[in-house]
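For reference, the structure discussed in these notes is given below.
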Amino acid sequence: MFSLAVLVFSALSLLTPAMPVEERAAVDSASAVKITTYGVNGSGCAPGTASATLSDDASTIQVAFNDFTPTVSTSDFRKTCQATLTVAVPAGKQFTVRGAAYDGYVQIASGTTVSHGSLYYFQGSVDQKTSVSTISGPVATNANLTNTFNTDSGIWSTCGGSAIVNVEIYVTLDGKSGYTTVDQAKIGPFAVRDC
């Protein structure tokens, strides 16, 4: 009797249309990451001295500066600007920061160095990642600076939803004489992975 019931059920299942299977589409980083809120603050971007603009696809911000100019002195040798971003990703995804790029000008004497760096951390976490590069004088040139983070060893957001990430760029001068300016910065893009 049992085998007859299994046979009848199997035959009926062949007549019933199959339920559609939901497929998950691959999501690229530009369309998966959306910056929903943002703000900037720091000695290089104090209120009224910088403006931030969200990209059309909401995946990066561009910051324009008019007072991000450290000089070799006792009080003004380091400038910073921190962007605080609320970033949303779809369920089943998480993100990390790939890097920051900024443009400016460097004019430093022999014996003087400029360190430019970026760091990021997620709000509520003590973990942070840093990327630093150095320029040694003498030099006087336009500068296109990039700090890139290794995503293999990066810090990742929690899975799905929104997370607040802080991304700071900074420039420090050390030495005899010189100055540098940061005219604009682009924060992002982000890397996305399944979690």
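Keep in mind the model is a prediction, meaning the values are calculated, not measured. Only heavy atoms go into these numbers, but all of them, side chains included; no hydrogens, no water, no symmetry mates.
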Apply side chain to side chain contact (heavy atoms under 4.5 Å, CB included) to residues F77 and T172 and explain how you reach the verdict.
CA-CA 6 Å; F77 66 95; T172 304; 3.8 Å; yes

State, with a plain yes or no, whether a side-chain heavy atom of [X] is found less than 4.5 Å away from one of [Y].
{"X": "C81", "Y": "F65", "result": "yes"}
{"X": "V171", "Y": "V182", "result": "yes"}
{"X": "F68", "Y": "V63", "result": "no"}
{"X": "N41", "Y": "P47", "result": "yes"}
{"X": "P138", "Y": "S110", "result": "yes"}
{"X": "L119", "Y": "Y170", "result": "yes"}

List the atom of [X], the atom of [Y], and the distance in Å for their closest heavy-atom pair.
{"X": "S118", "Y": "Y102", "result": "OG-CE2, 4.0 Å"}
{"X": "S125", "Y": "D127", "result": "OG-N, 3.1 Å"}
{"X": "T49", "Y": "G44", "result": "OG1-O, 4.3 Å"}
{"X": "Q94", "Y": "T158", "result": "CB-O, 3.6 Å"}
{"X": "I135", "Y": "I108", "result": "O-CD1, 3.7 Å"}
{"X": "Y105", "Y": "T141", "result": "CD1-O, 3.2 Å"}

Supply the atom-to-atom distance [X] [atom1] to [Y] [atom2], rounded to the nearest 0.5 angstrom.
{"X": "K79", "Y": "I169", "atom1": "NZ", "atom2": "CD1", "answer": "12.5 Å"}
{"X": "D103", "Y": "N144", "atom1": "CG", "atom2": "CG", "answer": "4.5 Å"}
{"X": "I155", "Y": "Y121", "atom1": "CD1", "atom2": "OH", "answer": "11.0 Å"}
{"X": "D67", "Y": "S43", "atom1": "CG", "atom2": "OG", "answer": "8.5 Å"}
{"X": "L85", "Y": "I61", "atom1": "CG", "atom2": "CD1", "answer": "5.0 Å"}
{"X": "N147", "Y": "E168", "atom1": "CG", "atom2": "CD", "answer": "11.5 Å"}

Linked, directly or transitively: V40 and L145 (ILVMFWY side chains, under 4.5 Å):
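Yes, same cluster.
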
Quick check on the hydrophobic clustering: are V72 and V114 connected, directly or via other members, by side-chain heavy-atom contacts under 4.5 Å?
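Yes, because V72 and V114 connect within a single hydrophobic cluster, where side-chain heavy atoms sit under 4.5 Å apart.
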
Side chain to side chain contact (heavy atoms under 4.5 Å, CB included) between K93 and D194, worked out
CA-CA 5 Å; K93 302 286 183 188; D194 293 327; 2.4 Å; yes

Donor-acceptor check, side chain of [X] to backbone of [Y], threshold 3.5 angstrom: yes or no?
{"X": "S157", "Y": "F95", "answer": "yes"}
{"X": "S136", "Y": "T113", "answer": "no"}
{"X": "K34", "Y": "D57", "answer": "yes"}
{"X": "T36", "Y": "T86", "answer": "yes"}
{"X": "S55", "Y": "T60", "answer": "yes"}
{"X": "K129", "Y": "S153", "answer": "yes"}

Can you name the one residue among V167, I187, N166 that meets side chain to side chain contact (heavy atoms under 4.5 Å, CB included) with Q82?
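Going through V167, I187, N166 one by one, the side chain to side chain contact (heavy atoms under 4.5 Å, CB included) with Q82 is satisfied by N166 alone.
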
For Y120 together with F190, are the ring centres under 6.0 Å from each other?
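No.
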
Can you see whether F149 has R98 sitting over its ring - NZ or CZ less than 6.0 Å from the centre and within 45° of the normal?
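The answer is no; the distance or angle limit is not met.
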
Mind running side chain to side chain contact (heavy atoms under 4.5 Å, CB included) on W156 and T151 for me, showing each step along the way?
CA-CA 9 Å; W156 292 82; T151 57; 4.2 Å; yes

